[in-house]
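Encoded as structure tokens, the structure appears first; notes follow it.
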Amino acid sequence: MKVEFAPLSVPLNRRIQTAAVLQWVFSFLALAQVCLAAFVLLCLSDWWILGALYAGWLYLDRDTPSCGGRRSQWVRSWRMWTYFQEYFPITLVKTVNLDPRHNYLFGFHPHGVLVAGGFGNFCTEASGFSQMFPGLTPYLLMLPFWFRVPFFREYIMCGGLVSSEKASASYLLSRPGGGQAAVIAVGGAPESLDARPGALKLQLLQRKGFIKLALKHGAWLVPVFSFGENELFDQMENPTGSALRRMQDRLQRIMGVAMPLFHARGVFQYSFGLLPYRRPIHTVVGRPIPVTQTPCPNKEDIDALHSLYVKGLTQLFEENKGNYGIAENKHLVFI
């Protein structure tokens with residue numbers, strides 16, 4: 001394989017953008033393991049008392065990731081996230097105003113490999129969410145497992161990440177006065193196994209838990225489609241039924257975390273590595289779907305609202321696909 005090296009004349013600004021994305025990839029692929037190892041070493045060192053005190057803090061603070069987390073506007077506004085946003089670049093697109101007197105449940109599609117658009121738009125202020133949607137506070141839901149990792153949990157909560165447990169979403173959507181926006185990557189970890197350039201397959205037909213939550217709390221549904229999310233990484237071929245896919249599906253069921261074998265570019269060359277390609281992401285926030293609170297929704301209620309949501313997401317995609325390089329004959333595939 002011929003390796004295409006980055007030229008020495010790359011401007012400093014672009015090098016800083018690459019460094020910002022490198023730390024982000026490291027954070028989601030290795031920082032949790034580093035934090036866990038640091039905690040174990042702390043407990044085994046002469047400073048074990050600090051480890052014991054922090055373990056006590058973990059116990060006392062165990063419910064915070066399910067009760068709105070502990071966001072830091074300072075962390076969300078780091079200059080580093082601006083470089084991160086400029087690398088792709090990531091753009092947040094508003095179609096209509098959202099009334100902050102309501103609580104909202106944003107359905108984010110597609111999941112992609114590392115949910116780059118979801119993180120950049122809803123866990124940082126780099127794309128201007130607060131200015132674009134004044135009065136709304138976004139929370140990106142993440143697997144509960146990650147909030148059990150010492151130190152790492154504190155870092156991710158600073159950006160507005162919270163647990164994806166049902167109790168966590170219910171806490172946000174039931175807040176009086178409105179202004180809360182819970183963001184759920186509806187396809188979840190299984191959808192990441194199909195994330196590759198050109199893919200338009202969404203896991204949605206059997207995903208109705210978020211619909212039930214919206215009904216129970218009267219939270220308005222907002223479909224969100226992130227154009228370019230699947231273009232950031234290539235992935236080893238793993239068609240349904242293949243040995244690799246069966247192994248990935250088994251690991252996902254056991255661990256709750258998908259293991260897509262992805263690759264893209266490196267730091268100093270463009271031929272291989274774990275950094276995403278420099279390809280634009282346009283995250284389009286669609287029209288809200290009003291929801292009447294139904295404390296005990298039945299199957300008919302859920303199915304009816306689910307159909308409305310699928311229709312709204314499809315309309316959002318069809319109205320905007322031409323703006324972002326998707327051919328007219330390409331359509332979403334729901335599984």
Side-chain angles (χ1 to χ4, degrees), residues 1 3-7 10-33 78-93 108-127 129 140 142-143 146 155-156 159 161 183 185 187-202 224-238 248 257-284 324-326:
M1 179 180 67
V3 178
E4 181 185 357
F5 288 97
V10 172
L12 177 60
N13 194 56
R14 286 176 66 89
R15 292 186 184 277
I16 297 175
Q17 292 169 6
T18 301
V21 172
L22 177 63
Q23 68 78 30
W24 172 75
V25 172
F26 170 79
S27 295
F28 278 91
L29 296 184
L31 184 58
Q33 294 87 326
W78 279 350
R79 173 64 177 167
M80 174 176 65
W81 301 130
T82 301
Y83 289 115
F84 170 84
Q85 176 264 335
E86 292 172 346
Y87 172 92
F88 299 94
I90 297 173
T91 305
L92 184 63
V93 181
F108 183 87
H109 310 270
H111 183 285
V113 172
L114 294 179
V115 204
F119 178 86
N121 287 305
F122 305 117
C123 295
T124 81
E125 290 297 333
S127 58
F129 182 92
L140 182 62
M142 190 177 186
L143 288 174
W146 298 111
Y155 177 56
I156 59 178
L161 284 155
V183 184
E191 193 173 273
S192 68
L193 299 177
D194 290 314
R196 52 175 48 86
L200 293 173
K201 186 184 295 185
L202 302 181
V224 178
F225 196 89
S226 196
F227 292 90
E229 194 75 38
N230 281 340
E231 313 304 312
L232 305 182
F233 297 95
D234 291 310
Q235 190 172 162
M236 287 185 63
E237 290 297 324
N238 59 342
Q248 289 174 320
V257 179
M259 302 289 285
L261 299 180
F262 63 92
H263 57 92
R265 53 157 292 187
V267 178
F268 302 110
Q269 45 74 32
Y270 303 136
S271 301
F272 59 89
L274 297 179
L275 286 187
Y277 296 121
R278 281 183 180 266
R279 292 175 181 169
I281 301 171
H282 295 90
T283 303
V284 185
Y324 306 115
I326 298 179

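A donor-acceptor pair under 3.5 Å links the side-chain atoms of Glu229 to the main chain of Ala116, judged by distance alone. Between the side chain of Gln235 and the backbone N or O of His263, no donor-acceptor pair lies under 3.5 Å. Checked by atom type and distance alone, the side chain of Thr18 never pairs as donor or acceptor with a backbone atom of Val267 at under 3.5 Å. Although no hydrogens or angles enter the test, the distance criterion places a donor-acceptor pair under 3.5 Å between the side chain of Glu191 and the main chain of His111.
When all heavy atoms of Val3 and Ser271 are compared, the pair lying nearest together is CA-OG, 3.3 Å. The two residues Pro190 and Gly187 make their nearest non-hydrogen contact at CD-O, 3.7 Å. When every heavy atom of Gly112 is checked against every heavy atom of Ser192, the shortest pair comes out as O-CB, 3.2 Å. Contact between Ser27 and Tyr155 at its shortest, heavy atoms only, is OG-CE2, 4.0 Å.
For Phe227, the ring-ring contact (aromatic ring centres under 6.0 Å, His included) partners two or more places apart in sequence, or in a different chain, are Phe225, Phe317, Tyr324. With sequence neighbours excluded, no residue forms a side chain to side chain donor-acceptor pair (under 3.5 Å) with Asn230. Among residues two or more places apart in sequence or in another chain, the ring-ring contact (aromatic ring centres under 6.0 Å, His included) test is passed with Tyr87 by none. Every residue meeting the ring-ring contact (aromatic ring centres under 6.0 Å, His included) condition with His109, not counting sequence neighbours, appears here in chain and number order: Tyr309. Checked against salt bridge (Lys or Arg N to Asp or Glu O under 4.0 Å), Glu86 has no partners two or more places apart in sequence or in another chain. Residues that satisfy the ring-ring contact (aromatic ring centres under 6.0 Å, His included) test with Phe262, not counting sequence neighbours, are Phe233.
Note: Trp146 CH2 to Leu31 CG = 10.0 Å, rounded to the nearest 0.5 Å. Note that CG of Asp194 is 6.5 Å distant from CZ of Arg196, once rounded to the nearest 0.5 Å. The distance from atom CZ of Phe88 to atom CG of Leu232, rounded to the nearest 0.5 Å, is 5.5 Å. Taking CD of Gln17 as the start and OG1 of Thr82 as the end, the distance is 10.5 Å to the nearest 0.5 Å. For the atom pair CZ of Phe122 and CG of Leu161, the computed distance is 12.0 Å after rounding to the nearest 0.5 Å. Of the inter-residue distances, the one linking Ile90 atom CD1 with Ser127 atom OG reads 7.0 Å to the nearest 0.5 angstrom.
When the shell of 6.0 Å around CE of Met80 is examined, it contains more than 12 heavy atoms from other residues, nucleotides or ligands. Residue-environment remark: CZ (Phe268) stays at or below the threshold of 12 foreign heavy atoms within 6.0 Å.
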Evaluation steps, side-chain contact (heavy atoms from CB on, under 4.5 Å), between Leu114 and Phe119: CA-CA 9 Å; Leu114 294 179; Phe119 178 86; over 6 Å; no
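For the pair Asn238/Leu261, no side-chain contact is recorded, criterion being any heavy-atom separation below 4.5 Å from C-beta on. Side-chain contact check for Val21 versus Pro276: some heavy-atom pair is nearer than 4.5 Å. Here the side chains of Met142 and Ile156 are in contact, with some heavy-atom distance below 4.5 Å. Glu4 has its side chain out of reach of Arg265: every pair of non-hydrogen atoms, C-beta onward, lies at least 4.5 Å apart. The shortest distance between side-chain heavy atoms of Tyr277 and Pro197 does not fall below 4.5 Å.
The aromatic rings of Trp81 and Trp78 sit parallel to each other, their planes meeting at less than 30°, with 60° as the upper class boundary.
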